[in-house]
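Keep in mind that what you see is a predicted model, and the values were worked out from it rather than measured. Residue numbers start from 1 in every chain, and the chains themselves are labelled A, B, ... in the order their sequence lines are given, proteins ahead of strands.
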Number of protein chains: 2
Amino acid sequence: MNILEKITQNNAAFSKSERKVAEVILANPQTAIHSSIATLAKMSDVSEPTVNRFCRRLDTKGFPDFKLHLAQSLANGTPYVNRHVDELDGPEEYTNKIFESTMASLEVARQSVDVNVVNRVVDLLTQAQKISFFGLGASASVAHDALNKFFRFNVPVVYFEDILMQRMSCMNCSDGDVVVLISHTGRTKSLVEIAQIARSNDATVVGITSGGSPLANECNYVLSLEVPEDTDMYMPMASRIAQLTLIDVLATGFTLRRGNKFRENLKRVKDTLRGSRYEKRGD
Amino acid sequence: MNILEKITQNNAAFSKSERKVAEVILANPQTAIHSSIATLAKMSDVSEPTVNRFCRRLDTKGFPDFKLHLAQSLANGTPYVNRHVDELDGPEEYTNKIFESTMASLEVARQSVDVNVVNRVVDLLTQAQKISFFGLGASASVAHDALNKFFRFNVPVVYFEDILMQRMSCMNCSDGDVVVLISHTGRTKSLVEIAQIARSNDATVVGITSGGSPLANECNYVLSLEVPEDTDMYMPMASRIAQLTLIDVLATGFTLRRGNKFRENLKRVKDTLRGSRYEKRGD
DNA sequence: ACACCAAATGTAGTAAAATTACAACTTTGC
DNA sequence: GCAAAGTTGTAATTTTACTACATTTGGTGT
């Protein structure tokens, strides 16, 4: 795909002069795309047809087509592909790979979100008497984050890490309460039990989990996120980010539903934090 | 920057014929980059110089240069632009906007990360006797997440929400301990104080924060993330995601440094979770 | 309504760029 | 060391883009 990578890989197939062209291009690709075939030939100290042959060897139609491909490779943000980390990767490689595959996963997640469910859940949340966020393991920090967000809305919001506290909290639920349960797999036993407890106490249960899972089956509403997880790392990574982004979506929907006046309230909450901070020069 | 957006925006400045060209290009940009000025002129039903003038109006050197810009816009599809949520947005719009601007922010964050610092911090973490993760407010959940990740590595790892516990923990630090402090603004007073306490007890302090902030100045190493935050919402959103992704990067670097054998250990940790879960059909 | 001016568009010629065909030169194997 | 295959360069050809100028269009003031 990426023509720059292709140049480095095909290196063996190049002839001596073609390699000269490759070097010049790799050394300064940004200049290459703005040069004519003549100037590039001069820079590489070869003839114009050689440059042309070089382009064709890379399966492009000719020099202008090659420049197009090169320009696309140089455009920042190259396609976000889910690239797995390799054992031999250096810091530069794995950093970029992680960022890129996170972005790729978000794109997949975005497409799997059902906006109708989002809308109804936002409805529920705005009307809720009490909102609870529960998750375990890696999803606990997502629930924790949701607490932080919804707490600012001046809504009774609950979050516990302890499963006994979670159970007790759900026991005391009543009509009008919303319980949001977060789990990537949707197979965590105690979370499924909590869903059952909450529902039998007339709470509405929303699951941010994988569709068709045991947990999903116990929920009134399911916000399913299909996120490809790199299982080689044995750690939840992309799923968490997708869950958090979904929390952001819900929080945003919430504030929009509440209107402008409510937004000012948020600003006040933020302003009270000022005392705990060093002022920014110029504030 | 993005020439496609530029075309849509500049629409008013175009003349009648130029608008015809714009339409044809917007309708099928992929074809446009592979066409000559003559064929594009014929498609738009205008003359060749008109196409050329159209290109110049968009501040390009001429038609070939314009094609280059267009190709870059089409690459990757740099479709991920930071789009602010509008009050009138429906669920579909704000959901997509949040996902897209999160992705855009990750791209910005990726470019702002200094991989050399990443490498040194990974070094530190692999050699650390004890690792602490502290953050407050929105960053608390990031620290919480880091705990969950590094806990799997069978390394002494510490995390507290309570600032007094954080302080006491740092008081007991010694040489070889690493304290990771997370804060978007880097202006939270108590976190800055914690950095000072930790350093005066010979711990190495790593900041995941904004470069040049009061917190950054107190750290031994700073992993600075420059993330544009949509301040209209009065909530930290993108910054959190970028921080989490950076934690993933560090965790990944950690496992890579520890080698293959260590990876198997991670698998064992994951396998012990199985008892708490409903089996997946086919496991 | 007409003349006039400015902006917009097109025509035709020109310059530049890329490609092709072919010749000269290397390299490789026997 | 010579032939054959492969590589590179020169020069001609073709394609492409650009410029200068002519024509048309649309609008403004008398």
- Message: Quick check on A:Lys20: does its NZ atom have over 12 non-hydrogen neighbours (other residues, nucleotides or ligands) under 6.0 Å away?
- Response: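 Check passes, neighbour count above 12.
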Just to verify, what does [X] make a side chain to side chain contact (heavy atoms under 4.5 Å, CB included) with, not counting sequence neighbours?
{"X": "B:Ser141", "value": "A:His144, A:Asp145"}
{"X": "B:Gln127", "value": "B:Asp123"}
{"X": "A:Ala32", "value": "A:Ile25, A:Leu40, A:Leu70"}

Report task. Sequence neighbours left out, what passes ring pair (Phe, Tyr, Trp, His ring centres under 6.0 Å) with B:Phe54? Give chain and number order. Result ->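 For B:Phe54, the residues satisfying ring pair (Phe, Tyr, Trp, His ring centres under 6.0 Å) (neighbours in sequence not counted) are B:Phe14, B:Phe66.
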Whole angstrom value for the distance that separates [atom2] of [N] from [atom1] of [X]:
{"X": "B:Lys61", "N": "C:dA16", "atom1": "NZ", "atom2": "C1'", "result": "12 Å"}
{"X": "B:Phe54", "N": "C:dT9", "atom1": "CZ", "atom2": "P", "result": "12 Å"}
{"X": "B:Arg56", "N": "C:dT9", "atom1": "CZ", "atom2": "P", "result": "16 Å"}
{"X": "A:Glu48", "N": "C:dT19", "atom1": "CD", "atom2": "C1'", "result": "10 Å"}
{"X": "B:Lys42", "N": "D:dT16", "atom1": "NZ", "atom2": "C1'", "result": "13 Å"}

Just jot down the salt bridge (Lys or Arg N to Asp or Glu O under 4.0 Å) partners of [X], sequence neighbours excluded, or say none.
{"X": "A:Asp45", "value": "none"}
{"X": "A:Arg57", "value": "A:Glu18"}
{"X": "B:Asp65", "value": "none"}

Whether B:Asn52 contacts D:dA17 is assessed here as follows: a side-chain N or O lying under 4.0 Å from the phosphate OP1 or OP2. Is that the case?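 No, no such contact exists.
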field: Residue-level proximity of residues 30-41 of chain B to DNA chain C when a heavy atom falls under 4.0 Å
entry: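 Those residues whose heavy atoms fall under 4.0 Å from DNA chain C, taken from residues 30-41 of chain B, amount to none.
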Identify all pairs in which a protein N or O lies below 3.5 Å from an N or O of nucleotides 7-9 of chain D, and state each distance.
residue: D:dT8; atom: OP1; partner: A:Ser17; partner atom: N; Å: 2.8
residue: D:dT8; atom: OP1; partner: A:Ser17; partner atom: OG; Å: 2.5
residue: D:dT8; atom: OP2; partner: A:Ser15; partner atom: OG; Å: 2.3
residue: D:dT8; atom: O5'; partner: A:Ser17; partner atom: OG; Å: 3.0
residue: D:dG9; atom: OP2; partner: A:Ser47; partner atom: N; Å: 3.0
residue: D:dG9; atom: OP2; partner: A:Ser47; partner atom: OG; Å: 3.3
residue: D:dG9; atom: OP2; partner: A:Thr50; partner atom: OG1; Å: 3.2
residue: D:dG9; atom: N7; partner: A:Arg53; partner atom: NH2; Å: 3.2

